[in-house]
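Taking it in order: structure first as structure tokens, then the write-up.
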Amino acid sequence: MDTKDRKYNFRQIEQKWRDNWEKAPINTDKTRPKFYCLDMFPYPSGSGLHVGHWRSYVISDVLARYKLLQGHYVIHPMGFDAFGLPAENYAIQNNVHPEAAVKESAKLFKRQLEDICAMYDWDMELSTTDPSFYKWTQWIFVQMFKKGLAYEKEMPLNWCPACKVVLANEEAAGGECERCGAPPEKKNLRQWMLKITEYGERLLVDLDKLKWPEKVKKMQADWIGKSYGAKIDFEIDGRDDNITVFTTRPDTLFGATFMVLAPEHALVKELTTSENLASVEKYIQDAGALSNVDRMAKKDKTGVFTGAYAINPLSGEKLEVWISDYVLADYGTGAIMCVPGHDERDFEFAKKFGLPILEVISLDGELHELEEAYTGDGVMVNSGEFNGLPAVDGKEAVAGHLAKLGIGEKTVNYKLRDWVFSRQRYWGEPIPLIHCDACGIVPVPEADLPVTLPHVDSYQPTDTGESPLALIDDWVNTTCPTCCKAAKRETNTMPQWAGSSWYFLRYVDVNNDAELISKEAMEKFLPVDYYVGGIEHAVLHLLYARFYTKFLYDIGVVNFEEPFTQLFNQGMVNRFGMKMAKSKGNGVSPDGLIDKYGRDALRLYILFLGPPELDVDWNDNGIEGVFRFLNKLWRLVAENVGKTVATTPELEQARHKMIHDISTRMENLTLNTVVSGFMEHTNKLTDMARSGGIDADTLRDMIILLAPYAPHIAAELWETCGYTTSVFDATWPTYDKEKMAESTITIVVQMNGKLRENIQMAAEATKEEVLAAAKASVAARLEGTIIVKEIFVPGKLVNFVVK
RNA sequence: GCCCAAGUGGCGGAAUUGGUAGACGCACAGGACUUAAAAUCCUGCGCCCCUUAAAGGCGUGCCGGUUCGAUUCCGGCCUUGGGCACCA
């Protein structure tokens, strides 16, 4: 140590241990029980890492190293999600080929990731753009195709005019392109879809198994959107076909006074009478031109009457059939029964167009003039034989009655739609299908995978809805694998989510060319135990990855149905009121801080900023305090090594308390309080060392506890203390509750709940002794009062209730 | 509109099961060491009353409740952030 400025030489120490660990890696014993601690892998951009990126990587690394010290073999890999629009857009902006840009960026990222000093196993490194990886991304698609889960469909889709690409529903949530924020347009396109809806129920039910933040589970459950109700057939007046509706309120069926179909509904053209045809056609045309955002933003309900009538199956009333864009074509049956008395939207529509409003649910059983839709509880009225029945029971009763009549049945509905899986961009995995005039659509044989992405100079996206790959004749033209005649390749590519939906399976068997993953590796190392990343993927990546895993389970590739047992979402790092990002000019580079305070100090400071799950505002000021702490701790060891004293009961008590505090806070992942705990205990131990000396056991355990957080200084101090094996080969110390108990405890004395005195008592003092001492301490105050009640909380406090 | 978080000193934040509110750190002020500075060490640091001290009072967004005792539990509100949003 340089005694002149009493600061430890972090530059020299950190370099020394970085070199050492490169030569002799830690965490190599694969015979230990595994713990798979995964970071959401980044897409490599050319702008590099800022301290916001560090946050999640430090959190997961602390956890990984903690598990290592607890005796696990820790799988802690890192890779690059390099296909997709972010990488392609970056390349276009900088006028380089995506392949070159990705290579360059990955190199920069890797160097910056190494600065964090996370114990990534770079032997497992993967990139989604590597043909040996996307061979299996394509293989999974082929399996889905063979199982009928991938299908082609022409339908109106969300098209982002800025990104020049279609969006999945998940990517267009909230009426904004998930990537660029532009409002998507509607465009009729032929696209490849994945039947994620077939897994909707399992994706919903299995959420219960997961140790995930409730918020994320709820977002997924809401996205899947299961609702219980009934399908009901309404006879069309004068025709022998029906309009089928889905409703969650069969109990209000008597109150259905009109019907509305989505403009796109198949029956609309057939039903419309000749005198209404012109207005209906105009309405359909106008509705079709509206984007989803405009459609949602409309303040007023609009609609037109078709001229047709349906019959309410219970009341027998004739109901006008209207069309309106407030009914969605792709949810339920695309048609609804309208109960204006008990549905706000139907009420608004009925008011505007003068349609009848009937009360059929009443809270008090009486009849009222409805000023607005009543959506609460009550009993059925105006409902014939069902009158007087509570609405909650009415749902079952009416649905059962309709089922007996053969015109309805109980059913469930989901908001989840199939996944639009093809993209009109160059930089993605080619979809491995071949279009043959004779054989139809044929998957590329597995032996011919991967279908490699051809290297071209012109990869700019087009407005046509076609991929740039369509322009490459010698790639598009091929032969049919079945009949050997001339055929054409599918030119769409996969979305950026394809690789990330399964990458976590591949790390542990990254070089396997014969299968996606060997059974042995799968059974030994999977699934992921702990997954750390941002909340922005709550319904995108995390839903897709669950879907893929369930599919791979079904075809026997993996033996588990959920990929990520536990999930942690770290909060964002903000600066100037917004998320830190290079593009916004508010990014803080770690480089200067590393140079001034070192990697260990920066790791600790990022944790110290605030609770890991909450957003924090960045400021540079506090890192000074963390740096002072590291120096203090350095001096504590340096000044006492070689002259440690024999363990005393006080030292043993302090040591067990320290292990307890750090361990429980680590387990709870309240990592900001772990750092303050280190400071607290270091301060205490420094005082104890000065007054009576410190023992070797305490120093040893303190260094082990610190190792996950500040690995370099811990390794150096460990060596200073004379240990010859790595600190990461040590075992996480355990504590004994009895040994951490203090011999003297502070008892709080209250009167009427207000603090009056603190008294020191021996830990083993009896209730009577404590009460007597407490009474004595407040004797003067008790004069002239009557003690009504004595509250005694063992080891904590005494409260006298007096009059 | 619906749902979910959060609200504590000048600042970031802490408080295990309802039991001393403000740990730890930053900033600030005073002191020691030093020719001086840096570094380090010591002391103080919620607000009010008071020359000071003692004693007292108030205090965890607001109003109320339960309790011997509430940052913690319950009811009602306010503010901020996030999610969903014509899903019948």
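Protein chains get the first letters and strands the later ones, always in sequence-line order, with residue 1 at the start of each. These numbers were taken from a predicted model, which means no experiment stands behind them.
Contacts of A/Lys415 with the nucleic acid, taken as non-hydrogen atoms under 4.0 Å apart, include base atoms. Residue contacts for A/Leu609: at a heavy-atom cut-off of 4.0 Å it reaches the sugar-phosphate backbone alone, with no base atom in range. Within the nucleic acid shown, A/Ser227 comes within 4.0 Å of sugar-phosphate atoms alone, with no base atom in reach, counting heavy atoms only.
Across all strands shown, nothing is found opposite B/rU20 as a Watson-Crick or G-U wobble partner with both distances under 3.5 Å. Across all strands shown, B/rA32 is found opposite B/rU40 as a Watson-Crick or G-U wobble partner, with both distances under 3.5 Å. For B/rC47, the paired base is B/rG57 (Watson-Crick or G-U wobble, both distances below 3.5 Å). The partner of B/rG7 is B/rC78, by the rule that a Watson-Crick or G-U pair needs both atom distances under 3.5 Å. Pair assignment for B/rU71 gives none, since no Watson-Crick or G-U wobble pairing has each distance under 3.5 Å.
Rounded to whole Å, atom C1' of B/rC3 lies 16 Å from atom CH2 of A/Trp223. Between A/Met219 atom CE and B/rA5 atom P there is a gap of 14 Å when expressed in whole angstrom units. Residue A/Ile224 contributes atom CD1, which lies 14 Å from atom P of B/rA85 at whole-angstrom precision. The nearest whole Å value for the distance from the CD atom in A/Glu536 to the C1' atom in B/rC84 is 18 Å. Per the geometry, CD belonging to A/Glu790 stands 17 Å off C1' belonging to B/rG19, to the nearest Å. Atom C1' of nucleotide B/rC41 and atom CG of A/Leu636 are separated by 15 Å, given to the nearest angstrom. In this entry the distance linking CG of A/Asn413 with P of B/rA88 reads 8 Å, nearest Å. Separating the CG atom of A/Asp617 from the P atom of B/rA6 is a distance of 18 Å, rounded to the nearest angstrom.
Each of B/rG19, B/rA15, B/rU20 was ranked by its minimum atom distance to the side chain of A/Leu755; first place goes to B/rU20. Listed candidates were B/rG19, B/rU20, B/rU40. Nearest to the side chain of A/Thr746 is B/rU20. Candidate nucleotides B/rC68, B/rG19, B/rA88 were compared by shortest atom distance to the side chain of A/Val801, and B/rC68 ranks first. With B/rC41, B/rA88, B/rC68 as the choices, the nucleotide that has an atom nearest any side-chain atom of A/Arg690 turns out to be B/rC41. Distances from the side chain of A/Asn672 to the nucleotides B/rC86, B/rU20, B/rA14 place B/rA14 closest. Set against B/rA88, B/rU20, B/rC4, the side chain of A/Lys218 has B/rC4 as its closest nucleotide.
Ring centers of A/His660 and A/Tyr735: under 6.0 Å apart, within the cut-off. Between A/Phe627 and A/Phe10, a ring centre-to-centre spacing shorter than 6.0 Å is recorded. In this structure, A/Tyr709 has its ring center closer than 6.0 angstrom to the ring center of A/Phe678. Centroid-to-centroid, the aromatic rings of A/Tyr605 and A/Trp618 come within less than 6.0 Å.
Note: A/Trp322 and A/Phe353 have tilted aromatic rings, judged against thresholds of 30 and 60 degrees for the angle between ring planes. Ring pair A/Phe349/A/Tyr326 is tilted by interplanar angle, where 30° to 60° counts as tilted.
Distances shorter than 4.0 Å separate none of the side-chain N or O atoms of A/Lys215 from OP1 or OP2 on B/rA5. Look at A/Tyr326 and you won't find any side-chain N or O under 4.0 angstrom from OP1 or OP2 of B/rA88.
Separation of the P atoms belonging to B/rC33 and B/rA38 is 16 Å when rounded to the nearest angstrom. Spacing between B/rC3 and B/rC77 at atom P, rounded to whole Å, works out to 12 Å. Distance noted for atom C1' between B/rU17 and B/rC73: 12 Å (whole Å). When the P atom is used for both B/rC49 and B/rG7, the distance is 30 Å, rounded to whole Å. Comparing the same atom, P, in B/rA14 and in B/rA6 gives a spacing of 12 Å after rounding to whole Å. Taking the P atoms as reference points, B/rC62 lies 15 Å from B/rA70, given to the whole Å. Remark: the separation of the C1' atoms in B/rU60 and B/rC47 is 13 Å, to the nearest Å. Using P as the reference atom, B/rC11 and B/rU16 are 23 Å apart when rounded to the nearest Å.
In this structure, A/Lys231 does not pair ionically with A/Glu409, as no charged nitrogen and carboxylate oxygen lie closer than 4.0 Å. In this structure, A/Lys217 pairs ionically with A/Glu214, as a charged nitrogen and a carboxylate oxygen lie closer than 4.0 Å. The pair A/Asp617-A/Arg575 fails the salt-bridge criterion, with no side-chain N (NZ, NE, NH1 or NH2) lying under 4.0 Å from an Asp/Glu carboxylate O.
More than 12 heavy atoms of other residues, nucleotides or ligands sit less than 6.0 Å from atom CD of A/Gln760.
Between the A/Asp600 side chain and the A/Ile713 main chain, a donor and an acceptor come within less than 3.5 Å of each other. A/Asp233 contributes no side-chain N or O that, together with a main-chain N or O of A/Asn242, makes up a donor-acceptor pair within less than 3.5 Å. For the pair A/His342 (side chain) and A/Glu359 (backbone), a donor-acceptor distance under 3.5 Å is absent.
Both A/Asp687 and A/Pro611 lie near RNA chain B, and the one whose nearest nucleotide falls closer to the 5' end is A/Pro611. Between A/Phe246 and A/Val748, the residue anchored closer to the 5' end of RNA chain B is A/Val748, taking for each the nucleotide with the nearest heavy atom.
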Collect all protein-nucleotide pairs involving nucleotides 24-32 of chain B in which both atoms are nitrogen or oxygen and the distance is under 3.5 Å.
from   : atom 1 : to       : atom 2 : distance (Å)
B/rG25 : OP1    : A/Asn683 : ND2    : 3.1
B/rC26 : OP1    : A/Arg628 : NH1    : 2.4

All N/O contacts under 3.5 Å from nucleotides 56-59 of chain B to the protein, with atom names and distances to one decimal?
from   : atom 1 : to       : atom 2 : distance (Å)
B/rG56 : OP1    : A/Arg781 : NH1    : 3.0
B/rG56 : OP1    : A/Arg781 : NH2    : 3.0

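Annotated as anti: B/rG59, whose O4'-C1'-N torsion sits more than 90° from 0.
Judged by distance alone with a 3.5 Å cut-off, a donor-acceptor contact links the side chain of A/Lys301 to the base of B/rC86.
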